[in-house]
2 protein chains.
Amino acid sequence: MPKTAEKPVPAPEKLIFAGVDLFRRHGYVATPVDAICAAAGVSKGAFFHHFASKEALAEACMDKWDERMAGWDAGHTATAGDGADAVTILATYMRRSIAFLADPKTFASCLPGTTVQEISESHPALRERSNQCFTKAHERFQTLLAAAANEKQTTVDTTALARLWIGTIQGALILFKASRDVSVIESNVSHVSQYILQQIGATDAEKATES
Amino acid sequence: MPKTAEKPVPAPEKLIFAGVDLFRRHGYVATPVDAICAAAGVSKGAFFHHFASKEALAEACMDKWDERMAGWDAGHTATAGDGADAVTILATYMRRSIAFLADPKTFASCLPGTTVQEISESHPALRERSNQCFTKAHERFQTLLAAAANEKQTTVDTTALARLWIGTIQGALILFKASRDVSVIESNVSHVSQYILQQIGATDAEKATES
DNA sequence: AGGATAGTACCGACTGGTTGGTATGTTTGT
DNA sequence: ACAAACATACCAACCAGTCGGTACTATCCT
């Protein structure tokens with residue numbers, strides 16, 4: 001047996017993974033440190049060895065979340081970017097986002113969105129992290145938006161439209177959590193994506209890109 | 001002193017009032033019963049005399065919230081309803097909603113929206129109440145929408161548009177909580193109100209109603 | 001080589017404070 | 001007198017965070 005590597009996932013990573021999952025499902029306040037440890041298969045001693053506090057773990061989770069979302073965005077543009085025009089890239093990005101958001105397996109709850117509501121007035125550092133997640137996602141989307149607008153020679157407030165996109169997703173997720181009806185996500189987000197394409201000046205043909 | 005009436009606000013009402021306020025600001029989980037009692041100036045014994053549990057109070061708060069929102073909606077339509085056409089009523093309703101939502105004194109946090117995120121997976125009864133609040137608000141808005149669509153002889157999915165309206169508000173409030181920037185609310189909600197009016201088939205003149 | 005030293009990762013019993021809820025008694029309106 | 005409306009003291013469970021200790025490895029001194 002010549003070192004048949006069996007990577008021993010380090011405790012911090014296991015804790016972050018479990019934290020993201022539990023915080024998303026039960027919220028920051030309602031998730032006890034013990035539950036995170038149990039889910040990660042790690043002792044409490046190890047937890048506080050690697051993280052100064054529960055809040056510190058939450059911050060790390062937020063970073064992880066942003067990393068994941070950035071990865072998803074990058075993964076998309078890498079696939080669709082080959083030779084396609086900017087409007088098509090934007091349109092397919094939005095269409096794929098809908099499918100991604102509506103899939104209960106991968107999504108159905110946004111970490112910063114869930115967290116910021118509870119801790120907005122009590123944990124300034126965590127609020128700031130949540131805001132950063134939104135800002136980063138905003139910027140990534142705005143890039144696609146600006147390219148499309150430039151291609152169409154239209155002058156639009158890409159900042160406002162990007163905020164609308166992020167906000168629509170957050171709102172749709174809340175309505176989903178209340179109603180348990182995934183169709184809200186699809187309905188709301190696709191309405192807004194139509195509106196955005198229209199503001200950019202896309203033709204009807206461009207709006208209806210293949211999946 | 002011939003009974004110079006000084007209505008002795010009953011304890012349940014005081015508790016509901018304080019509950020709505022605290023739950024909105026700190027969330028359901030992070031708000032201790034003691035804090036609600038202190039804010040209401042009521043003893044803990046009185047609390048559990050009137051409410052079976054913390055969850056029962058939260059349900060009552062949710063009802064109170066719905067009542068308030070319904071009152072606001074009714075108050076509006078009573079003012080604007082005199083002889084005005086349905087499209088104008090809808091347009092001014094949405095415009096006034098923006099001002100209402102963006103005013104930190106009266107709003108900046110929605111009780112069912114804040115609550116449902118935390119308790120969606122742990123308190124089914126509370127989740128159902130939150131959903132009811134959304135449904136009721138949805139129905140009230142859909143009425144305005146249907147009247148306007150009927151007036152314009154346009155066929156639109158008023159259910160979808162009403163969900164979009166509610167969702168947009170929820171999303172805008174999350175982004176506001178993260179960024180502390182009220183302009184997100186104004187920006188997002190007015191974009192969607194433009195979209196809705198456009199779907200209804202309103203003229204540009206109708207879209208730009210006086211405040 | 002090998003023993004002392006030090007640093008890192010980890011364990012789990014424990015602590016001090018908090019929480020939702022209760023038990024028991026007192027006041028108040030009728 | 002009797003019940004509803006309160007008040008106070010209390011409890012068991014729970015929670016974030018601590019602390020003394022162990023196992024393992026790396027480094028250094030002789």
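First the proteins, then the strands, lettered A, B, ... as listed; each starts at 1.
Chain B approaches DNA chain C within less than 4.0 angstrom (heavy atoms of the protein), and the contacting nucleotides run 5' to 3' from C:dT19 to C:dT22.
Across the protein-nucleic acid pair, A:H123 atom NE2 and D:dA16 atom C1' stand 11 Å apart, rounded to whole Å. Across the protein-nucleic acid pair, A:F48 atom CZ and D:dC15 atom C1' stand 10 Å apart, rounded to whole Å. Atom CZ in A:F47 sits roughly 12 Å away from atom P in D:dT18 (whole-Å rounding). Rounded to a whole Å, the NZ atom of B:K54 is 13 Å from the C1' atom of D:dC14.
Along DNA chain D, the nucleotide nearest A:G45 and the nucleotide nearest A:T31 are compared for position; the residue whose nucleotide lies closer to the 5' end is A:T31.
Between the side chain of A:K44 and the base of D:dA16 there is at least one donor-acceptor pair of N/O atoms closer than 3.5 Å.
Considering only heavy atoms from C-beta on, B:V192 stays 4.5 Å or farther from A:Y195 through its side chain. The shortest side-chain heavy-atom distance between B:W165 and B:Q142 does not fall under the 4.5 Å cut-off.
For B:F100 and B:H76, the gap between ring centers reaches or exceeds 6.0 Å.
Of the candidates A:I196, A:D73, A:L161, A:T158, A:F141 forms a side-chain contact (heavy atoms from CB on, under 4.5 Å) with just one, namely A:I196.
To the nearest 0.5 angstrom, A:I16 atom CD1 is 6.5 Å from A:K64 atom NZ.
When the nucleotides D:dT8, D:dG17, D:dA5 are ranked by their closest atom to the side chain of B:H50, D:dA5 comes out on top.
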* **CA sep, side-chain torsions, deciding dist, call: B:C133, B:M69, side-chain contact (heavy atoms from CB on, under 4.5 Å)** => CA-CA 9 Å; B:C133 279; B:M69 292 303 112; over 6 Å; no
